[in-house]
Amino acid sequence: MSDHTPDISHDQHAVRRQKLADLRAAGLDPFRANCATTHFSGDALKAYVEGQDNTVTVSVAGRLVVIRDMGKSQFVKILDQQGQIQLYVKKDVVGDEAYAQFKKFDLGDIVGATGTLFKTRSGEVTVRVDTFILVAKALRPLPEKWHGLSDPEQVYRQRYLDLIVNAESRARLMLRSRVVSHIRRFLEDRSFLEVETPVLEATAGGAAARPFVTHHNALNVDFVLRIATELRLKRMLVGGFDRVFEIGRIFRNEGVSRRHNPEFTMLEVYEAYSDYRGMMRLIRDLLTSLVRDVIRPADGSLRIRHAASGQEIDFGGEWREVRYKDLIIAATGDAEWFARPKAEKIARAEAMGLSIHPGWEEFEITNEIFSKQIEPTLIQPTFVTHLPRELCPLAKLNRDDPSVLDVFELTIGGMEVAPAYSEQNDPDVQREMFERQAGEERQNIDQDFLLALEHGMPPAGGMGVGIDRLCILLTGAESIRDVILFPQLRPGA
RNA sequence: GGGUCGAUAGCUCAACGGUAGAGCAGCGUCCUUUUAAGUCGUUGGUUCUGGGUUCGAAUCCCAGUCGACCCA
C-alpha cells in the first residue's frame, strides 16, 4: 500500500516545513534550542596553533551557507558576524544517528558546533565537529550562492538576504558602523559631549528644507520632524556645554535619489572658543584618522579610489583652500561676474547650459553655477571659503568684507561633505538675517533661539557632516542606498 | 513631476510572434580532506497585474504596479 503523500520536492518551502514538522514529531524544536559559543569565526581561525591539529577546541555558531556532502563526511561553512568558517562533520566522529540528522540540514539553517581546529590538505583552518545542534530552521531558501542577490529592489527590501549572501554589502555596511564609532571616539577624546536633542519640533530651523509634518494627539498640535540639529546644539553652547555633538537622524521631505534619502544621518559638532578655522583642523584630523584607522588603504597611504571619477582622493596631501568668488570667476571666465546686472548673469549662465529659474535672486544664479559646474569637479579635498552672506544666515560675517561669511564648505569627490561656520552669536544680527530670510513667513522664526542668543552664546565654530555621503566616499559606493541599511522605498505592492 | 530601461522557476539569467530553457538551489543515488567539490538521475512556471492586437503573445500595443538610471 503506497501512501498518497503529494510530491513536494519542487517546493523548497514545503520541503523545509516538512523537515521542521519531522523534527518536532521527534521531540526536537530547533526554535527552542540555544547553544553556547566560545568564538566568532574569525577569532576561532586565529586560535588555531600552526602545526598542532586538533589541540584547540572551539564552539562556534552561524548560518549554513555552503554544504559539500561527500557521503560519509561533509564540509560545510557557517557565516557569523566575522565571516565564514568551515566545519568538517565525519560520520565516524559524530555517530550514525547524529550524522543522519546533520544530513537533513538545509542551506540557511542556523547551527552551533563544537570541535577541534585542524588544517585541511589545502590549508584551510577547519573545525572537526564533535557535537552540533540546530538552533533555528530556515524555512526559506537562500539566494544563489555564486551570483548572490542582485535584484536591487530585493537587495533593499530584504537587506537581511543581501547581508547573508553579498559579502561586499556586509563589509560596506559594517564599515559604516566603524566609521560612526570612530567619529564618536575621536570627538570624545577631544572632550566633546554627545547629546540628544528633539526630533519633534514646533518649527523646522537650522536649514532650508521642507519638513515632514506630524501630529501630537494629546497636545493637539502639529509638529515637524527636525531638518537640522543646529539651533538646539547652539542652545547647549548657551547652557555651558562648550563642546557638543550629535549624530542624529535628519528628515527632509524632498526627493529620493542616488544622493538623497528622506531620512539621513548628520553629525553636527559645536566648539566654543573656536571658529571656522578651528573646524578646518578638526575635520581634517577627523577624516585623515578615519582613512588611516578605519579604511586603512593597503599601500599605507591616505589615498582612496573615487569610483565616480576614477581618480584617487588623497587625504594626506595639501587640502586646497579657495575662495568661492575665485572659483566662480574661473568657471565663468569673467572677472566682472559679480558686477554684472542680473539679466547678463542669466544670459551667461544659460549659455553655460544651465536652466535658470526666473524667480531666482542673483546669488541663487551664481550658486547654480557653483553646484552644477564647479562642485562636481572638486574631487580632492577642497575648502571653499568666503561664501556670499545670503547662503548661510547662521554664520558670522567676515570682518573685512561683510558681503561674505567666515565659513567653509568642504567638498570631496564632487560632493559637499561638511559645511562649517564661525557661528553667528550676535542676537541682533541673527534676528535680522532670520527676518530677511523668512520674508512674510515670520511665524517660522525660532524666537526661543533668538532669546537664547540674547543670554549670550560664546564664540564658536560649528560644522555639519553628512555621514551617509561620507560613507559613500569612504566605501566607494555608487548610491546612498548602498550605505543605508534600509533605504526608503515605496511600500511594496 | 518628465524621459529611458527593466520585471520569466527559490536565486542568476536565456528564449524576442510558433511546444518557456540553462546554471545554482531542491528531490533521489554514489563518494570520509572538499574549495563555485565531483557523479548519475530528476521535479519545478498565473512569463509583475489588467486589457487589447493576432489563428497563435513571455515576445507587439495600451493602462497600471514596483524598481534602476538620467533630468527637474
Side-chain angles (χ1 to χ4, degrees), chain A residues 5-19 22 53-54 63-79 83-96 98-100 102-109 115-129 138-162 164-167 210 253-261 308 353-360 368 371-372 376 477-482 487-493:
Chain A
T5 310
D7 178 19
I8 56 165
S9 66
H10 62 276
D11 181 344
Q12 302 190 50
H13 183 221
V15 167
R16 288 166 182 240
R17 283 241 171 240
Q18 184 59 52
K19 287 184 180 178
D22 292 347
D53 281 5
N54 300 315
R63 187 184 297 277
L64 278 170
V65 290
V66 174
I67 296 177
R68 299 195 187 102
D69 183 351
M70 308 184 54
K72 295 186 181 60
S73 73
Q74 297 194 39
F75 283 97
V76 304
K77 287 188 177 176
I78 59 170
L79 174 71
Q84 296 185 3
I85 187 168
Q86 182 166 257
L87 311 181
Y88 183 44
V89 183
K90 287 176 77 170
K91 189 177 186 180
D92 58 13
V93 171
V94 299
D96 291 4
Y99 190 74
F102 194 87
K103 285 196 90 145
K104 295 211 172 91
F105 289 176
D106 290 307
L107 285 173
D109 290 355
T116 53
L117 294 170
F118 74 103
K119 210 173 230 187
T120 65
R121 223 182 299 192
S122 55
E124 177 162 356
V125 176
T126 300
V127 181
R128 199 202 61 156
V129 173
L139 296 172
R140 300 282 179 179
L142 286 178
E144 207 246 5
K145 64 181 174 188
W146 186 240
H147 301 92
L149 189 64
S150 58
D151 173 10
E153 184 169 357
Q154 218 175 336
V155 163
Y156 300 140
R157 286 195 199 278
Q158 292 183 277
R159 179 67 88 182
Y160 46 92
L161 291 179
D162 175 51
I164 293 167
V165 299
N166 293 333
R210 191 134 55 99
N253 201 344
E254 292 169 354
V256 179
S257 80
R258 235 154 46 96
R259 299 246 179 281
H260 300 85
N261 198 61
L354 298 171
S355 51
I356 302 302
H357 196 278
W360 278 353
E368 181 73 1
S371 50
K372 291 287 159 58
E478 313 240 318
S479 164
I480 196 169
R481 286 181 278 258
D482 296 328
Q488 198 58 248
L489 295 182
R490 195 178 284 277

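Quick note: numbers below take in every heavy atom, side chains included, and nothing from hydrogens, waters or symmetry partners. The sequence lines fix the lettering, A, B, ..., with proteins before strands; numbering per chain opens at 1.
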Report task. Please state how far atom CZ in A:F105 lies from atom C1' in B:A25, giving the value in whole angstrom units. Result ->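 To the nearest whole Å, that distance equals 19 Å.
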Query raised in the report: Using Watson-Crick and G-U wobble pairs whose two distances are both under 3.5 Å, how do you write the pairing of RNA chain B as dot-bracket, with | for links to another strand?
Result: (((((((..((((....[..)))).(((.(.......).))).....(((((..]....)))))))))))).
OP1 or OP2 of [N] under 4.0 Å from side-chain N/O of [X]:
X: A:R128; N: B:U33; value: no
X: A:K104; N: B:C27; value: no
X: A:R490; N: B:G67; value: yes
X: A:R157; N: B:G67; value: yes
X: A:R16; N: B:A25; value: no
X: A:R68; N: B:U34; value: no

Report task. Answer yes if the ring centres of A:F102 and A:F105 are under 6.0 angstrom apart, and no otherwise. Result ->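 Ring-ring flag for A:F102/A:F105: true, centres closer than 6.0 Å.
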**Report entry** Per-nucleotide protein contact string for nucleotides 3-12 of chain B, where B marks a base within reach and S marks sugar-phosphate only (heavy atoms under 4.0 Å, - for neither)
**Finding:** -------BBS
Query raised in the report: Which listed nucleotide (B:C69, B:G67, B:U33) is nearest to the side chain of A:S479?
Result: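 For the A:S479 side chain, the nearest candidate turns out to be B:C69.
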Query - Results of side chain to side chain contact (heavy atoms under 4.5 Å, CB included) for A:S122 - residues two or more places apart only - result: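 Counting only residues at least two positions away or on another chain, A:S122 forms a side chain to side chain contact (heavy atoms under 4.5 Å, CB included) with A:T120.
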